[in-house]
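Working notes, beginning with the structure itself.
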Amino acid sequence: MLSEEELERLEAPDPELARPDATLHQFQRDIDAAEKAEADKAAAREQQIAEAKRKAEEAARLAAEQGKELKQTVNWGLAPAREVTLFYPGTSSIEWIFGREHGGSRAFSKGERCVGCHEKEAADMGKRIVTGEKLEPNVIPGKRGSIPVQIQAAHDDEHLYMRFSWPDTDHAPTPFVEGGKMDPDNKVKLAMMFGTDDVEFAEGAGCWASCHTDSRDMPGEVDNATIQTYAESGRLDTTEGITKYLEESRTEMEYKGRRGKEPGGWDKLKPEAEIQAAMQDNNFLDLIRYQIGTDTVEDGHVLAERNMDGGQGAEFNAQLEDGVWTVEMKRKLKSDSAGDLSLDLSRVYNIGFAIHDDYSDSRYHHISLGYRLGFDNDSEDIEINAVKL
């Protein structure tokens with residue numbers, strides 16, 4: 001219930017707590033030890049991803065010898081690789097990012113990107129969440145907290161190509177699902193979202209812009225009876241409850257949940273004409289998902305809700321060799337399909353990734369922070385650079 005001014009006074013440095021000079025040397029030693037520990041962990045992760053890359057290259061060589069070449073003909077040796085850590089997010093949502101439990105809420109409100117603060121600690125965050133230390137009431141024993149993924153991107157005049165490589169995992173049965181597998185038909189699903197800076201929070205938080213606490217399987221999940229009392233519920237596909245949505249489709253949103261207000265905005269739909277206008281202005285997230293088990297490609301978007309079809313589609317191929325998954329994607333740069341984002345080589349886009357591994361579904365996935373995708377752009381603020389073939 002404190003005001004912003006009161007919070008700032010509480011957060012201001014207290015001179016009485018300053019360390020005496022005699023302890024500064026020990027303080028510096030503590031810092032040095034912490035930095036060394038972090039460097040050691042980073043080196044271990046580098047070694048892990050290098051080994052995964054070696055295995056992927058060896059698997060591709062063996063596949064070629066056996067006449068099982070991947071469908072695409074991209075020379076990936078010319079494309080820079082970026083290691084991206086996908087971590088287990090639990091029940092975190094865009095509303096949680098703004099809440100007091102998140103220490104970076106003030107920085108995020110002032111325009112800081114999540115990746116700037118959290119990229120190096122993503123694996124540690126995933127470990128804390130997946131074990132139930134925070135943000136996860138339904139623990140899956142043995143589920144890994146993070147996945148190191150090698151990502152490469154390239155393009156020609158008509159297509160964007162992307163390649164993903166990551167280590168497989170042992171099965172950890174889900175205790176609250178019969179048979180231990182949420183999606184028995186798909187051991188792995190790979191998804192990604194593209195968006196412009198016109199989408200609120202897409203630049204700072206990536207796909208978190210679409211993740212809300214009142215969606216299904218989240219802490220504030222709306223039950224079906226409540227949904228049916230909403231006069232506009234017929235405009236939404238609620239067969240799976242409330243799915244992802246964006247602020248651009250709502251008349252108002254509550255992010256901090258103060259003074260008894262319910263966080264979210266599922267029942268604040270804008271008129272259909274305004275939602276269609278947002279579509280025309282690219283105020284949506286383009287969503288592509290590949291279900292590896294069923295070899296199914298879904299191409300949709302997120303705006304008023306999550307739609308899994310309507311786009312132009314994309315080509316995928318995948319193989320699991322020597323414990324390493326390798327997935328390649330081919331997508332047209334331009335499209336006239338509703339919900340497809342046409343990619344301009346002179347622009348920069350926001351992109352986020354998700355992997356449902358080990359037969360998982362719904363929110364029980366691993367996700368990336370929000371990254372910036374550019375084309376032949378090696379500037380510092382571009383994390384993933386698609387190079388010309």
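- When every heavy atom of Ala304 is checked against every heavy atom of Ile275, the shortest pair comes out as CB-CD1, 4.0 Å.
- With sequence neighbours left out, Lys244 forms a side chain to side chain contact (heavy atoms under 4.5 Å, CB included) with Met193, Ser210, Cys211, Val302, Arg306.
- Residue Met162 holds its CE atom at 16.0 Å from NZ of Lys330, rounded to the nearest 0.5 Å.
- Leu345 contributes atom CG, which lies 7.0 Å from atom CG of Asp376 (distance to the nearest 0.5 angstrom).
- Through chains of ILVMFWY side-chain contacts below 4.5 Å, Ile382 is grouped with Val348.
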message = Run the salt bridge (Lys or Arg N to Asp or Glu O under 4.0 Å) test on Lys388 and Asp157 for me, step by step, so that the C-alpha distance in whole Å, both residues' side-chain angles and the decisive distance to 0.1 Å come before the verdict.
response = CA-CA 8 Å; Lys388 182 70 178 290; Asp157 293 335; 3.3 Å; yes
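- More than 12 heavy-atom neighbours from other residues, nucleotides or ligands sit within 6.0 angstrom of CG on Asp14.
- Partners of Glu383 by salt bridge (Lys or Arg N to Asp or Glu O under 4.0 Å), not counting sequence neighbours, listed by chain and number: Arg113.
- Evaluation of the ring pair (Phe, Tyr, Trp, His ring centres under 6.0 Å) rule for Phe98 yields Phe108, Phe201, Tyr255 as partners, not counting sequence neighbours.
- Residue pairs meeting the ring-ring contact (aromatic ring centres under 6.0 Å, His included) criterion with at least one partner in residues 256-275, sequence neighbours excluded, are Tyr230-Trp266.
- Clustering ILVMFWY residues whenever any of their side-chain heavy atoms sit less than 4.5 angstrom apart, transitively, puts Leu78 in a cluster other than the one holding Trp76.
- With sequence neighbours left out, His102 forms a ring pair (Phe, Tyr, Trp, His ring centres under 6.0 Å) with Trp96, His118.
- With sequence neighbours left out, the salt bridge (Lys or Arg N to Asp or Glu O under 4.0 Å) criterion links Lys143 to Asp357.
- Of the inter-residue distances, the one linking Ile355 atom CD1 with Ile292 atom CD1 reads 8.0 Å to the nearest 0.5 angstrom.
- Residues passing the side-chain hydrogen bond (donor to acceptor under 3.5 Å, both in side chains) test with Thr239 are Asp237, sequence neighbours excluded.
- Val327 and Tyr359 are not part of a single hydrophobic cluster, where members link through side-chain heavy atoms under 4.5 Å apart.
- A salt bridge between Arg144 and Asp358 is absent, with no side-chain N of the basic residue lying under 4.0 Å from a carboxylate O of the acidic one.
- Shown here are the side-chain hydrogen bond (donor to acceptor under 3.5 Å, both in side chains) partners of Gln228, two or more places apart in sequence or in another chain: Asn224.
- Of all heavy-atom pairs between His212 and Ala209, the closest is NE2-O, 3.6 Å.
- Atom NZ of Lys270 sits in a crowded spot, with more than 12 heavy atoms from other residues, nucleotides or ligands closer than 6.0 Å.
- Residues Ile147 and Val139 do not share a hydrophobic cluster, clusters being chains of Ile/Leu/Val/Met/Phe/Trp/Tyr side chains in contact below 4.5 Å.
- Here Lys189 pairs with Asp361 in a salt bridge; the nearest charged N to carboxylate O distance falls below 4.0 Å.
- Within 6.0 Å of CD on Glu11 lie more than 12 heavy atoms contributed by other residues, nucleotides or ligands.
- Applying the side-chain contact (heavy atoms from CB on, under 4.5 Å) test between Arg128 and each of Lys134, Glu121, Glu136 identifies Lys134 as the sole match.
- Residues passing the side-chain hydrogen bond (donor to acceptor under 3.5 Å, both in side chains) test with Gln276 are Glu272, sequence neighbours excluded.
- The two residues Gly293 and Asn186 make their nearest non-hydrogen contact at N-OD1, 3.0 Å.
- A salt bridge does not link Lys36 with Asp32: every distance from a Lys NZ or Arg NE/NH1/NH2 to an Asp or Glu carboxylate oxygen is 4.0 Å or more.
- Enclosure of atom CD in Glu232 by more than 12 non-hydrogen atoms of other residues, nucleotides or ligands within 6.0 angstrom is indicated.
- Asp214 pairs in a side-chain contact (heavy atoms from CB on, under 4.5 Å) with only one of the listed residues (Val222, Asp267, Thr226), which is Val222.
- Contact record, Ala79 with Gln152: O-NE2, 3.0 Å, taken as the closest heavy-atom pair.
- A pairwise comparison of heavy atoms in Asp168 and Trp325 identifies OD1-NE1, 3.1 Å as the closest pair.
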Run the numbers on Arg82 and Glu119 for salt bridge (Lys or Arg N to Asp or Glu O under 4.0 Å), then give the verdict.
-> CA-CA 12 Å; Arg82 170 82 184 213; Glu119 183 175 35; 2.5 Å; yes
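- Heavy atoms only, all atoms of each residue included: Trp208 and Ser93 are closest at CD1-C, 3.7 Å.
- The aromatic ring centroids of Tyr364 and His356 lie 6.0 Å or more from each other.
- Partners of Asp185 under the side-chain hydrogen bond (donor to acceptor under 3.5 Å, both in side chains) rule, at least two apart in sequence or in another chain, do not exist in this structure.
- A 4.5 Å side-chain heavy-atom check between Phe87 and Asp124 finds every atom pair outside the cut-off.
- Grouped with Val387 in a hydrophobic cluster is no other residue, since no side-chain heavy-atom contact under 4.5 Å to another Ile, Leu, Val, Met, Phe, Trp or Tyr is found.
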